[in-house]
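All figures in this text were calculated on a predicted structure; none of them were measured in a lab.
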Amino acid sequence: MRYEGIHLPARWRRHTLLIIFVVLCAVAIWWIFVFPHTRWYRNRKDESLTKARLQKIKPPAGDRLTELTTSHQWGWPSATAIYSTNSDCARLKRYYKEEFAGQGFAFEDERRSLQSSPELDSLDFSDHGYSAGMICDSSEKPLRSYMIIVTLNSRVDKEIPLHNPMDGDRR
């Protein structure tokens, strides 16, 4: 038995090829021109940029990364890294003042928590389009944890500043 296959008229084959070509062009146009402008894509892109910026900030030798997360809440993409360390807060603050400066961040503020136990110490930094902070636990535990947070303050691709709800109404 010999298989002959299905033979379509030439007109149908041309229409089928034309339809396939049009569909492939529509898909290509979607991925090239429409998808990069969707909110989901921009959010993931901003989170990716923020995470990359955070990963450039190196911890002191011996500190161990325990968690790295990204989020996008209230229009603010941020990346958070939590480390465990044997160092005290004072040593961490000295180290990170130099590390952030080496990464182009400017020191802004140092705060001490008003909570009684454990006290949280924090440093605030800023760079063009980014704000960052280091928060550590100043308790006397032998193994303590601290957190580095980097937040993107503007959409990098459009340079549109976002309003931070934590800043109050400073317009």
Side-chain angles (χ1 to χ4, degrees), residues 31-32 34-171:
W31 284 108
I32 293 170
V34 177
F35 183 69
H37 298 287
T38 61
R39 176 176 289 180
W40 182 88
Y41 177 82
R42 285 193 319 256
N43 288 349
R44 296 304 166 262
K45 179 182 173 188
D46 289 345
E47 286 175 13
S48 171
L49 291 169
T50 306
K51 182 179 177 182
R53 183 71 179 185
L54 171 66
Q55 289 175 323
K56 288 181 182 179
I57 301 166
K58 301 297 179 201
D63 288 7
R64 191 173 68 84
L65 177 67
T66 58
E67 186 177 345
L68 178 62
T69 59
T70 60
S71 64
H72 200 103
Q73 298 175 353
W74 304 301
W76 294 92
S78 65
T80 304
I82 300 175
Y83 296 92
S84 62
T85 185
N86 289 322
S87 299
D88 61 358
C89 253
R91 187 175 305 157
L92 288 171
K93 289 193 301 188
R94 282 192 306 273
Y95 174 84
Y96 278 109
K97 281 181 181 178
E98 291 179 20
E99 178 65 21
F100 274 98
Q103 296 297 328
F105 282 87
F107 177 73
E108 286 198 347
D109 194 15
E110 180 173 354
R111 287 185 259 157
R112 197 158 176 92
S113 174
L114 299 177
Q115 300 173 358
S116 58
S117 176
E119 287 204 21
L120 297 175
D121 287 335
S122 67
L123 301 174
D124 295 326
F125 302 91
S126 66
D127 188 17
H128 177 71
Y130 292 92
S131 61
M134 190 278 298
I135 303 167
C136 67
D137 175 4
S138 63
S139 67
E140 296 299 322
K141 297 184 291 187
L143 186 63
R144 49 183 73 74
S145 62
Y146 66 94
M147 184 176 1
I148 304 288
I149 302 171
V150 175
T151 304
L152 181 64
N153 294 333
S154 66
R155 282 212 10 237
V156 172
D157 59 343
K158 297 283 185 180
E159 293 297 330
I160 300 171
L162 299 173
H163 173 67
N164 186 341
M166 304 304 279
D167 286 343
D169 199 21
R170 291 195 282 172
R171 290 184 187 189

I need the minimum non-hydrogen distance between Trp76 and Leu152, along with the two atoms involved. CE3-O, 3.1 Å

Working to the nearest 0.5 Å, report the span between NZ of Lys58 and CD of Gln103. 8.0 Å

Closest approach of Ser87 to Asp63 (non-hydrogen atoms, all atoms of both residues): OG-OD1, 4.5 Å

Could you go through Arg53 and Asp127, starting from their C-alpha distance and side-chain angles, then the distance that decides it, and tell me whether this counts as side chain to side chain contact (heavy atoms under 4.5 Å, CB included)? CA-CA 11 Å; Arg53 183 71 179 185; Asp127 188 17; 2.2 Å; yes

CA sep, side-chain torsions, deciding dist, call: Asn86, Leu143, side chain to side chain contact (heavy atoms under 4.5 Å, CB included): CA-CA 5 Å; Asn86 289 322; Leu143 186 63; 3.4 Å; yes

According to salt bridge (Lys or Arg N to Asp or Glu O under 4.0 Å), who are the partners of Arg144, at least two apart in sequence or on a separate chain? none

Non-neighbouring partners of Glu110 that pass salt bridge (Lys or Arg N to Asp or Glu O under 4.0 Å), sequence neighbours left out: Lys93, Lys97

Residues passing the side chain to side chain donor-acceptor pair (under 3.5 Å) test with Ser126, sequence neighbours excluded, are Glu108

Run Tyr83 and Met134 through side chain to side chain contact (heavy atoms under 4.5 Å, CB included) and show every step you take. CA-CA 11 Å; Tyr83 296 92; Met134 190 278 298; over 6 Å; no

Quick one: list whatever passes side chain to side chain donor-acceptor pair (under 3.5 Å) with Tyr96, sequence neighbours left out. Tyr146

How would you list, by chain and number, every residue that makes a side chain to side chain contact (heavy atoms under 4.5 Å, CB included) with Leu68, sequence neighbours excluded? Lys51, Leu54, Gln55, Leu65, Ala81

Any side-chain heavy-atom pair of Asp121 and Leu92 under 4.5 Å: no

Please identify each residue that fulfils salt bridge (Lys or Arg N to Asp or Glu O under 4.0 Å) with Arg44, with sequence neighbours left out. Glu47

Is there a donor-acceptor contact under 3.5 Å from the side chain of Glu99 to the main chain of Pro59? no

Residues 74-84 vs salt bridge (charged side-chain N to carboxylate O under 4.0 Å, His left out), sequence neighbours excluded, gives none

Across all chains, not counting sequence neighbours, the side chain to side chain contact (heavy atoms under 4.5 Å, CB included) partners of Asn43 are Arg39, His72

For Asp88, what residues pass the salt bridge (Lys or Arg N to Asp or Glu O under 4.0 Å) criterion, not counting sequence neighbours? none

Evaluation steps, side chain to side chain contact (heavy atoms under 4.5 Å, CB included), between Ile149 and Ile135: CA-CA 8 Å; Ile149 302 171; Ile135 303 167; 4.2 Å; yes

Check for a donor-acceptor pair, side chain of Thr151 on one end and backbone N or O of Ser78 on the other, with a separation under 3.5 Å. no

Closest non-hydrogen atom pair, Pro77 against Asp46: CG-CB, 3.6 Å

Please name all residues satisfying side chain to side chain contact (heavy atoms under 4.5 Å, CB included) with Ser48, sequence neighbours left out, ordered by chain then number. none

Those residues that, when tested against Tyr95, pass ring-ring contact (aromatic ring centres under 6.0 Å, His included) (two or more places apart): none

Who passes ring-ring contact (aromatic ring centres under 6.0 Å, His included) against Phe125, sequence neighbours left out? Phe100, Phe107

